[in-house]
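These notes concern the structure reproduced below.
For ligands, and for the atoms within them, numbers begin at 1 and follow the listed sequence.
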Amino acid sequence: MDVASPSAAGLRTFYDGLFQAYGPQRWWPTQDADNPRFEILIGAVLTQHTAWTNVEIAIAQLRDAGPLTAESLLAHADLPALIRRAGPHNVKAKRLRALCEWFVARGGFEALAGMDTPTLRGELLALHGIGHETADVILLYAFGRPSFVADAYAFRIMERYGWSAGARNYERLRKRVEAVGPVDDAPFYDELHALIVAHAKQRCHKSWPDCRACALQARCAQRGVNAVR
Ligand code: SF4
């Protein structure tokens, strides 16, 4: 099956359309002004298959229990109880411990800043419970690396737009977008991901997308869309 790929100009038009519709999204939301990057690191795990409101509660409980650092989290014998609101707490506690142990062993943000992005992505993907989407969220928002988060919302919108078809393949879509996206421009990918999430929630719904009011309608192929609002 032929699969159209975005061009650099096409991706910019797509981004501009969403930006004009929704404005700056100012991601990633954090509570801890002292250590926001570490909060993003653990928030990326806590938010797996869980509503953000529950993640905020879990992070607030962690903050009440001690400083939001890898060392502090590893010292919590009751870590599963502290994050109970964020879904399967035993599973996520195990994932958080693996992430924190790696973070400490690698010397924290300062030491990891010297690691190139492919190596850093590979190390994250080798950790227990870290898949492609979580790895790219961490790379982008915690490490400021230009990475495209090819999540389910991105697939839905880009498939409909005409940029992806056939079997979904995370790495293929990520690389297609990064191949034409601006080089070394993490703020672009930061905003792009947040805008895609906003668009998926406000217009390009899973069922009955609101195409008549969509900022992308003039260029969207509406592939696979059978009914609109
Ligand atoms: S025109 Fe419809 S299908 Fe295309 S991006 Fe907009 S809401 Fe989604």
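Cation-pi contact between Arg12 and Tyr15: present, with separation from the ring centre below 6.0 Å and deviation from the ring axis of at most 45°. Geometric assessment of Arg37 against the ring of Phe109 yields a positive cation-pi assignment under the 6.0 Å and 45° thresholds.
Nearest protein neighbour of atom 6 (Fe) of ligand 1, counting heavy atoms only, is Cys214 SG, 2.3 Å. In terms of protein heavy-atom proximity, atom 4 (Fe) of ligand 1 is closest to Cys220 SG, 2.3 Å. Protein heavy atom nearest atom 5 (S) of ligand 1, with residue, atom name and distance: His199 NE2, 3.5 Å.
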(message) Go through it in stages, so that I can follow the logic: the residues are Asp136 and Arg145, the test is salt bridge (Lys or Arg N to Asp or Glu O under 4.0 Å), and I'd like the CA-CA distance, side-chain angles, deciding distance and then a yes or no.
(response) CA-CA 9 Å; Asp136 281 317; Arg145 306 298 177 95; over 6 Å; no

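For Cys211, heavy-atom contacts with ligand 1 shorter than 4.0 Å involve the backbone as well as the side chain.
Between Phe38 and Phe103, the angle of the ring planes lies from 30° to 60°, which puts this pair in the tilted group.
Coordination check, Cys204 versus atom 2 (Fe) of ligand 1: failed, since every N/O/S atom of the residue sits at 2.8 Å or beyond.
For ligand 1, the atoms lying closer than 4.0 Å to a non-hydrogen atom of Val225 are 3 (S). Of all the atoms in ligand 1, the ones that sit under 4.0 Å from a non-hydrogen atom of Gln217 are 1 (S). Residue-ligand proximity, Arg160 to ligand 1, at heavy-atom distances under 4.0 Å covers atoms 3 (S).
In the displayed structure, Arg219 atom CZ is contacted under 6.0 Å by at most 12 heavy atoms of other residues, nucleotides or ligands.
Each of Leu127, Val104, Leu73 was scored for a side chain to side chain contact (heavy atoms under 4.5 Å, CB included) with Leu99, with one residue passing: Leu127.
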